[in-house]
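Below is one structure, written out as structure tokens; the observations come after it.
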There are 2 protein chains.
Amino acid sequence: MARTTGSDGEKTEAAIREAAVNLIARLGYEAMSMRQLAAEVGVQAAALYRYFPTKEELLFTLMREHMEGLTEAWEAAAPTNAGPEERLSAYVENHIAFHIGRRHATHVSNMELRSLSPERLTQILRMRTAYEKELRAILRDGTEAGGFSIDDTGLTAMALIQMMTGVIVWFRPGERLSIAEVTATYLSMTMRLVGAKIGGREERHVHEHAQLRA
Amino acid sequence: MARTTGSDGEKTEAAIREAAVNLIARLGYEAMSMRQLAAEVGVQAAALYRYFPTKEELLFTLMREHMEGLTEAWEAAAPTNAGPEERLSAYVENHIAFHIGRRHATHVSNMELRSLSPERLTQILRMRTAYEKELRAILRDGTEAGGFSIDDTGLTAMALIQMMTGVIVWFRPGERLSIAEVTATYLSMTMRLVGAKIGGREERHVHEHAQLRA
DNA sequence: ACAATAATAAAACGAACGTTCAATTAATTC
DNA sequence: GAATTAATTGAACGTTCGTTTTATTATTGT
């Protein structure tokens, strides 16, 4: 047999991406074989090579699009003309919502970096650094304006990102906590961590924010 | 050729463990071949099987001993008859010191869990859960005693552990920050995160603690 | 209806994988 | 110094890997 009835390039490519994210997240990139992936899609291994020239290029595509999605989500969510506190709130909410919504893709982007060639690794890390730079800028602004009390901006940014991204390790949708509750708790932990001086009114505002988004 | 002059079983086994930790941390478990590992040790691949019956058993041994080491380090460092604040300080300091000191082994234990068989995975996760339970107990005691102000003990424990363990992702010895500085900053971030009500005197005490250990 | 093109199957490639086995040599024991 | 044991080599096993090639069929455009 050859071309099958109803076969469609776009649908197949989308199916490959989705199956690849799930399989790599579950088994790891090296442990997933192209034959396994093809079977999951319902196709022969050779068909995959119509859409991705190599296994590594497939991995790179998944990672690049994940990072692009994260950047675009933040650009859409970032408030303009807002103070450091509000910007930090938006950053935390966007980060957690995005990562909970794409747990598998995040897993892939965080765990499989070492399987990329040096040039592709550099490219992904550049995107990641640019995204993290936004958080550092917020923390710096807040510290200079006196709203935050932070020892080391760079270290605090890394600690916050590790803490927030770590949510995908233990969070399972539909268990004890809702997304809104998780987001609200991470938001309050973040604000205390950076020593934000917020009164009762802003505190309530912050929680409303989280409830609305999640 | 066969047995080489000066060959010694104990030395070879130790060399295998060390090389395996470094190679797996760098390349990943699946990507490291037994031939690669053997070459790093300076031996033929078949020689590895005198010491570890399978590749997975080697991985499991590395992970189990890492977790045992972490548990033992905490048992030795845990203060007796101390309040939640002091116990939390000790927990943070021990965790960071241990993980910075064994960055590669931590990487292996955190990233390669999915390569274990179900029974071995369960065994490692049991050890990990027991270790994390200690932190939850501290947070619960501190909350009940009124010293901490925490929304959700379980969630906060996970967030703290993710934050602290994340230090191995970006920290490189001999760069901008010393181990003592990093530990002190993480300690103050932790205390603020849990809403610890500490005065100027205890705050200074906490920093001395960090300086001494690191 | 027919040509052109897109999508896939089937088979095969050489290389690398984890692992085993028999042979061989160094160290130890008596 | 002979017998025993410990440590390692070199070669081989069957399997699986990513990838390529060629043929075949479905769809699309005219």
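Quick note: numbers below take in every heavy atom, side chains included, and nothing from hydrogens, waters or symmetry partners. Since the structure is predicted, the reported quantities are computational estimates derived from the model, not experimental observations. Numbers restart at 1 for each chain; the letters A, B, ... are given by sequence-line order, proteins then strands.
- Across the protein-nucleic acid pair, Arg50(A) atom CZ and dA23(D) atom P stand 15 Å apart, rounded to whole Å.
- As a whole-Å value, the separation of Gln44(B) CD from dT24(C) P is 16 Å.
- Between Glu57(B) and Arg120(B) there is a salt bridge, with a side-chain nitrogen of the basic residue lying less than 4.0 Å from a carboxylate oxygen of the acidic one.
- Note: CD1 (Ile16(B)) to P (dA7(D)) measures 11 Å, nearest angstrom.
- Residues satisfying the salt bridge (charged side-chain N to carboxylate O under 4.0 Å, His left out) test with Glu72(B), not counting sequence neighbours, are none.
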Original post:
How does protein contact run along nucleotides 11-18 of chain D, one letter per nucleotide 5' to 3', with B for base contact, S for sugar-phosphate only, - for none, heavy atoms under 4.0 Å?
Top reply: -B----BB
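- Centroid-to-centroid, the aromatic rings of Tyr91(B) and Trp74(B) come within less than 6.0 Å.
- A straight line from CZ of Phe52(A) to C1' of dT8(C) spans 16 Å, rounded to a whole angstrom.
- Taking side-chain N and O atoms only, Thr4(B) has no distance below 4.0 Å to OP1 or OP2 of dT9(D).
- The closest donor-acceptor contact from the side chain of Glu30(A) to the backbone of Ala31(B) lies at 3.5 Å or more, if one exists at all.
- As rounded to whole Å, 15 Å separates atom C1' of dA6(D) from atom NZ of Lys11(B).
- The closest donor-acceptor contact from the side chain of Lys55(B) to the backbone of Met32(B) lies under 3.5 Å.
- Electrostatic pairing of Arg176(A) and Glu181(A) does not count as a salt bridge here, judged by no charged N lying under 4.0 Å from a carboxylate O.
- Between the CG atom of Leu37(B) and the P atom of dA16(C) there is a distance of 18 Å, rounded to whole Å.
- Note: CG (Leu48(B)) to C1' (dA7(D)) measures 13 Å, nearest angstrom.
- What separates OH of Tyr51(B) from P of dA6(D) is a distance of 11 Å, to the nearest Å.
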